[in-house]
Amino acid sequence: FRGSVVMNLSPAVAEELRLDAFEEGVVVADIEPGSTANRVGLQKGDIILVINGRNIGSTRELEQVSDSDPGVWRLEIKRGERVIRFALRG
């Protein structure tokens, strides 16, 4: 998402961001203030799990999904112990 830096979640990245080392997915490593990612509410440390029904296990999968224009983006992210689901217009 525009204005975010995302990384594949590895044990080293999990340690750096103080996340559970057993998590899987793509983690938001940084957010640019005032960016689209910031305005939609993504936060550093969020783990992107699902976009439009597709499990996101790597940055490559995220790029593939992001190349489409579905009109509405349905996201599922993990923030701490909570799973948050929300939709955004494209």
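Residues: numbered from 1 along the sequence shown. No hydrogens, no waters, no symmetry mates; every other heavy atom, side chains included, goes into these values.
Residues V65 and V28 fall within the same hydrophobic cluster, defined by Ile, Leu, Val, Met, Phe, Trp and Tyr side chains chained together at heavy-atom separations under 4.5 Å. In the hydrophobic cluster analysis, where Ile, Leu, Val, Met, Phe, Trp and Tyr join through side-chain heavy atoms closer than 4.5 angstrom, L42 is grouped apart from V5. Hydrophobic clustering (ILVMFWY, side-chain heavy atoms < 4.5 Å, transitive): F86 and V26 are in one cluster.
To the nearest 0.5 Å, atoms OG (S10) and CD (E16) are separated by 9.0 Å. Note that CG of L49 and CG of L75 are 10.0 Å apart. Values are rounded to the nearest 0.5 Å. Expressed to the nearest 0.5 Å, how far CD1 of I51 lies from CD1 of I56 amounts to 4.5 Å. The distance from the CG atom of L62 to the CZ atom of R54 is 9.5 Å, given to the nearest 0.5 Å.
When side chains are defined from C-beta on, E76 counts as touching V83, because their heavy atoms get closer than 4.5 Å.
Among all heavy-atom pairs drawn from V72 and A87, the shortest one is CG1-CB, 4.0 Å. Across all their heavy atoms, S35 and I31 have their closest contact at OG-CG2, 4.0 Å. Across all their heavy atoms, A37 and G3 have their closest contact at CB-C, 4.1 Å.
For R60, the CZ atom counts as loosely surrounded, since its 6.0 Å shell holds 12 or fewer non-hydrogen atoms of other residues, nucleotides or ligands.
With hydrogens and angles ignored, the 3.5 Å screen pairs no side-chain donor or acceptor of N55 with any backbone N or O of V50.
Sorted by first and then second residue, the pairs that involve residues 20-46 and meet salt bridge (charged side-chain N to carboxylate O under 4.0 Å, His left out), not counting sequence neighbours, are E23-K78, D46-R79.
Just one residue in the list L17, I48, L19, T59 forms a side chain to side chain contact (heavy atoms under 4.5 Å, CB included) with L9, and that residue is L19.
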